[in-house]
Amino acid sequence: MHSPRAMVLPLGPGAVARMLALVRRAAEGSDAGARYLVSGPLRIDLWQREATLDTEPLPLTGTEFRLLVCLMEADGQVVPSSRLISRVWGWAGAHDGLNTLRIGIARLRKKLGDDTRAPRFVISVRGAGYRFGGRVTELAAREEERRNDHSGDLLLAERLARRCEELAEAPDARSAASQVVRSLIHEGTLDAVGLHLIEGDSLRLIAHHGFSAAWEQAARELRLADSGFAAVQTFVADEPLQLRRFTAKAKYARTAELARVEFPGTYLFVPMRSGSEVVGVMGCHRHSSEPFGPLSITYLKAVASLCGVCLTARRTSPLSAESVPSSRDS
């Protein structure tokens, strides 16, 4: 395995300062929340109430637009027929509600070009309701405006170069982890972040910044057998997981408990890899309800991968549950 220092790019102090200033400006999010819902060729503009498919305008009625938005916002979950009827038409227990819903679904599918035998977008769930068939990405207006701006690629490369420097310069795994989490906060990308590495049958907290002492105490060790933690699911599935809304019956009940001791907002969990192996999870938090967009997720996935390789290479002994580097240590 190559030494982590081999990844470092030569950046002088002045270049680093200019880079961090650019990063802070680029990382500023919009307070207006998501504007666009995107799934492959399908794009919804929530502000303008417009929809396009393969860049062509979709002539949706107001009812059809609300129906599509309701399905896409559910993020792949089944939306009961009664809820669709209530939200789209404002009815509660109307006798002809189900028939009206079926007609609305049929018209929406036709405009989307869905094959009724194998629909791509609107999926029927017998006896329950309907769900959206594609993966949906929520974008804020500012993220969308930067999609075709090639300077975003340069900013990502510069930020990654700095993270490489930090990992290479740190004397040990804990110091490296602590430096990276502090930098993610200070550059403006996140409001809080925690790194967990696998040890035996648990994910053990190695560093965090921005979270409270109560969160640290509860998150020190996450058992892989406890599927109530979103971090555990991310580790097992080896896929990023974004959560914006928690309820009393949340799928990740243990994570919802932890979220309640922190600020509300948006959570993103990213697997940390070393080669073909998942070795940990990076948990990210924003106080804002604005979702993480593609640029932010790409950057955080890359940072997580760097951490996975470098931290496991530098770890020479089992992690202790004591003295976890945190925001209070800086």
Side-chain angles (χ1 to χ4, degrees), residues 26 29-81 83-91 97-126 128-153 155-156 239-240 242 244-245 266 268 289-299 301:
S30 166
D31 292 329
R35 174 175 178 176
Y36 301 94
L37 300 178
V38 182
S39 181
L42 179 62
R43 181 182 301 273
I44 303 294
D45 185 334
L46 297 173
W47 294 3
Q48 298 296 328
R49 298 184 65 80
E50 296 174 347
T52 58
L53 181 63
D54 292 318
T55 70
E56 294 295 325
L58 277 175
L60 301 181
T61 66
T63 296
E64 292 162 353
F65 183 86
R66 291 193 298 273
L67 184 56
L68 180 57
V69 168
C70 189
L71 290 169
M72 293 182 74
E73 285 184 336
D75 195 24
Q77 302 298 309
V78 176
V79 184
S81 298
R83 187 182 306 168
L84 286 169
I85 294 169
S86 174
R87 288 191 56 185
V88 176
W89 285 274
W91 302 342
L98 286 175
N99 187 54
T100 300
L101 174 60
R102 293 189 188 103
I103 293 172
I105 290 290
R107 290 174 175 170
L108 177 59
R109 280 176 169 163
K110 183 176 181 180
K111 291 184 179 180
L112 291 172
D114 257 358
D115 184 341
T116 55
R117 293 168 297 182
R120 176 171 51 156
F121 294 117
V122 181
I123 312 297
S124 300
V125 181
R126 186 181 296 274
Y130 299 87
R131 67 176 179 84
F132 189 77
R135 172 171 290 185
V136 178
T137 300
E138 294 179 317
L139 299 179
R142 192 171 299 178
E143 294 259 18
E144 175 67 7
E145 291 164 2
R146 292 200 302 261
R147 281 172 61 88
N148 298 319
D149 183 357
H150 295 297
S151 65
D153 295 333
L155 289 174
L156 288 180
E239 289 185 353
Q242 183 164 195
R244 297 178 59 208
R245 303 176 184 90
T266 305
L268 176 70
S289 61
E290 180 182 352
F292 289 89
L295 282 174
S296 297
I297 293 176
T298 297
Y299 170 53
K301 286 171 63 177

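Positions are given from 1 along the sequence. Owing to the predicted nature of the structure, the values given are computational and were not obtained by experimental measurement.
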Q) Salt bridge or not for E64 and K111, using N-O below 4.0 Å? A) yes
Q: Indicate yes or no: at least one non-hydrogen side-chain atom of D115 is less than 4.5 angstrom from one of R109.
A: no
Q | Validation row: I85, T100 side chains within 4.5 angstrom (heavy atoms) | A | no
Q.
For the residue pair T137 / R43, report whether a side-chain donor-acceptor contact shorter than 3.5 Å exists.
A. no
Q. Would one find more than 12 heavy atoms of other residues, nucleotides or ligands at under 6.0 Å from atom CZ of R107?
A. no
(Q) Given 3.5 Å as the limit, does a donor-acceptor pair link the side chain of D54 with the main chain of P41, or not? (A) no
Q.
Using the rule side chain to side chain contact (heavy atoms under 4.5 Å, CB included), only one of I105, V79, V78, L67 pairs with Y130; which is it?
A. I105
Q) Do the side chains of L112 and V122 get nearer than 4.5 Å, heavy atoms only? A) yes
Q: Determine whether F132 and V69 make a side-chain contact, defined as any pair of heavy atoms from C-beta on separated by less than 4.5 Å.
A: no
Q.
Looking at I123, is its backbone amide N or carbonyl O close enough to the side chain of R131 to form a donor-acceptor pair, meaning the two atoms are under 3.5 Å apart?
A. no
Q: Just do the side chain to side chain contact (heavy atoms under 4.5 Å, CB included) check on S39 and R120 with the steps written out, would you?
A: CA-CA 11 Å; S39 181; R120 176 171 51 156; over 6 Å; no
(Q) In the structure I gave you, are the side-chain heavy atoms of L71 and F121 within less than 4.5 Å of one another anywhere? (A) no
(Q) Any heavy-atom pair between the side chains of D114 and L108 that's under 4.5 Å? (A) no
Q | R87, CZ atom: more than 12 neighbouring heavy atoms under 6.0 Å | A | no
Q. In terms of heavy-atom contacts, does NZ of K301 have more than 12 from other residues, nucleotides or ligands at under 6.0 Å?
A. no
Q: Considering only NZ, NE, NH1 and NH2 on the basic side and carboxylate oxygens on the acidic side, decide whether E239 and R135 come within less than 4.0 Å.
A: yes
